[in-house]
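The analysis underlying the following values was restricted to heavy atoms, covering all of them including side chains, and did not include hydrogens, waters or symmetry mates. Numbers restart at 1 for each chain; the letters A, B, ... are given by sequence-line order, proteins then strands.
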Protein chains: 2
Amino acid sequence: MEYNVFAKACPSRPTLEHVTGRWGSLTMGALVNGPLRFNELRRRVDGVSEKMLSQTLQALERDGLVHRDAQPTNPPRVDYTLTPLGQETAELLLALIHHLEARMPDVLQAQQAYDAR
Amino acid sequence: MEYNVFAKACPSRPTLEHVTGRWGSLTMGALVNGPLRFNELRRRVDGVSEKMLSQTLQALERDGLVHRDAQPTNPPRVDYTLTPLGQETAELLLALIHHLEARMPDVLQAQQAYDAR
DNA sequence: CAGTATCCTGTTGGATACTG
DNA sequence: CAGTATCCAACAGGATACTG
């Protein structure tokens, strides 16, 4: 069986969207250096709401990319970790992110040229 | 100057969203093997509407990732190409896409285990 | 062919309040 | 702390019709 993300109904497409989506990519990226708790993640992923972070983590957990470790203590403590598959994925994502960050001067220049037309 | 996509106001964040967004990633991926015309792209990126493809291409062109080459003929002919920066970016994106496609069996298994809880 | 314009619906997603 | 529940505004995005 071949998976092809360019096909509308391929099951890989939702997963790609979870990984590359607005909050998915930043969440994966934030976890690449080790486990984080819910509110630590919220602070790292600047701008995310509780609701969206929760939804994002659930989708990534369901895809087997993130592992959720809840301690039944009071107050509760939940650590989020990348699974091995998630770690590999996050590293590819980070390569993309770092590449874009490094080339932002070029991007900004292109935007100015475009807007000046 | 340092760019950091995890910061809410960093100019790199919109660009990351263009590249990784629902249609951006597929559009970049479709162009990695060479130029395509508008309707060729539409067929490759299964499910995209004219409107979204047009918007996506404009955003990517503004970021300097895609080059738009319009011939003033009748009927019109427009070729979309990746810029050198776009080509580098698309290759990193493709690495991610291919990795996910290859690991989809693991993902589907994780989803089933999650849903069975 | 390569779009743009318009309309309209569904989803995204933020704010707020509340729970274990 | 780590969420869930609810409400609502904004926007994404599809369908259709039209233009150069």
Side-chain angles (χ1 to χ4, degrees), chain A residues 5-9 13-28 30-31 35-62 66-81 114 117, chain B residues 5-9 13-28 30-31 34-63 66-81 114 117:
Chain A
V5 85
F6 292 95
K8 184 162 52 177
R13 201 181 263 193
T15 300
L16 178 66
E17 284 170 14
H18 298 156
V19 171
T20 61
R22 183 167 178 193
W23 303 118
S25 58
L26 297 176
T27 302
M28 299 279 292
L31 287 173
L36 290 173
R37 303 175 62 177
F38 187 84
N39 279 317
E40 288 175 332
L41 266 172
R42 256 201 95 188
R43 285 185 289 273
R44 293 265 196 132
V45 182
D46 190 14
V48 71
S49 66
E50 294 183 352
K51 177 184 165 185
M52 292 319 299
L53 181 56
S54 177
Q55 285 184 11
T56 300
L57 286 167
Q58 284 178 29
L60 295 175
E61 186 191 359
R62 189 174 107 90
V66 162
H67 175 68
R68 181 176 184 277
D69 186 16
Q71 262 107 37
T73 57
N74 193 320
R77 176 191 177 99
V78 181
D79 286 286
Y80 291 94
T81 325
Y114 185 94
R117 297 179 321 163
Chain B
V5 85
F6 292 95
K8 184 163 50 178
R13 201 182 262 195
T15 299
L16 178 67
E17 285 171 12
H18 298 156
V19 171
T20 62
R22 181 165 178 195
W23 303 118
S25 58
L26 297 176
T27 302
M28 298 280 291
L31 288 172
L36 290 174
R37 302 174 63 176
F38 187 83
N39 279 317
E40 288 175 333
L41 266 172
R42 257 203 94 189
R43 283 186 290 274
R44 293 264 196 135
V45 182
D46 191 15
V48 71
S49 66
E50 295 183 352
K51 178 183 165 187
M52 292 319 298
L53 181 56
S54 177
Q55 284 183 11
T56 300
L57 286 167
Q58 283 178 31
L60 294 175
E61 186 191 357
R62 190 172 105 92
D63 289 338
V66 162
H67 173 67
R68 181 177 185 277
D69 185 18
Q71 261 106 38
T73 58
N74 192 320
R77 178 192 175 98
V78 181
D79 286 285
Y80 290 95
T81 324
Y114 185 94
R117 298 179 321 164

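- Between Q58(B) and the phosphate of dT4(C), there is a side-chain N or O to OP1/OP2 separation shorter than 4.0 Å.
- Identified under the salt bridge (Lys or Arg N to Asp or Glu O under 4.0 Å) test for residues 13-23 of chain A, with sequence neighbours left out: E17(A)-R22(B), R22(A)-E17(B).
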Can you give me every donor-acceptor pair (side chain of residues 36-47 of chain B, partner residue at least two apart or in another chain, under 3.5 Å) with its distance?
from	atom 1	to	atom 2	distance (Å)
E40(B)	OE1	R37(B)	N	2.7
R42(B)	NH1	E50(B)	OE2	3.4
D46(B)	OD2	K8(A)	N	2.9

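- Atom-to-atom, CZ of F38(B) to C1' of dC1(C) comes out at 10 Å; the value is rounded to the nearest Å.
- Between Y80(B) and dG3(C), a side-chain N or O to OP1/OP2 separation shorter than 4.0 Å is present.
- When heavy atoms are screened at a 4.0 angstrom cut-off, E40(B) is found touching no nucleic acid atom at all.
- Summarising the geometry, atom OG1 belonging to T27(A) is positioned 9.5 Å from atom CE belonging to M52(A); distances are rounded to the nearest 0.5 Å.
- Look at S54(B) and you'll find a side-chain N or O under 4.0 angstrom from OP1 or OP2 of dT4(C).
- By the salt bridge (Lys or Arg N to Asp or Glu O under 4.0 Å) test, E61(B) is found to be paired with no residue, residues two or more places apart in sequence or in another chain being considered.
- With sequence neighbours excluded, the residues that form a side chain to side chain donor-acceptor pair (under 3.5 Å) with D79(B) are R77(B).
- Comparing the start and finish of the helix from dC1(C)-dG20(D) to dG20(C)-dC1(D), five pairs each, the helix axis swings through 50°, to the nearest 10 degrees.
- Between F6(B) and L26(A), the shortest heavy-atom distance links the atoms CE2-O, 3.1 Å.
- Rounded to a whole Å, the CG atom of L57(B) is 11 Å from the C1' atom of dA2(C).
- Using a 4.5 Å cut-off on side-chain heavy atoms (C-beta onward), L53(A) and W23(A) make no contact.
- Residue contacts for R42(A): at a heavy-atom cut-off of 4.0 Å it reaches no nucleic acid atom on any strand shown.
- Partners of R68(B) by salt bridge (Lys or Arg N to Asp or Glu O under 4.0 Å), not counting sequence neighbours: none found.
- Straight-line distance from the CZ atom of R68(A) to the P atom of dA2(D): 10 Å, rounded to whole Å.
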Nucleotide-resolved protein contact map, nucleotides 13-20 of chain C, B/S/- at heavy-atom distance under 4.0 Å: BBB-B--B
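- Atom CZ of R37(A) and atom P of dG3(D) are 10 Å apart (whole Å).
- Considering every non-hydrogen atom in both L60(A) and G24(A), the closest pair reads CD1-O, 4.4 Å.
- When the P atom of dG3(C) is taken as reference, atom CG of L53(B) falls 8 Å away, rounded to whole Å.
- The shortest distance between the side-chain N/O atoms of R77(A) and the OP1/OP2 oxygens of dG3(D) is not below 4.0 Å.
- When the P atom of dC11(D) is taken as reference, atom CD of E17(B) falls 13 Å away, rounded to whole Å.
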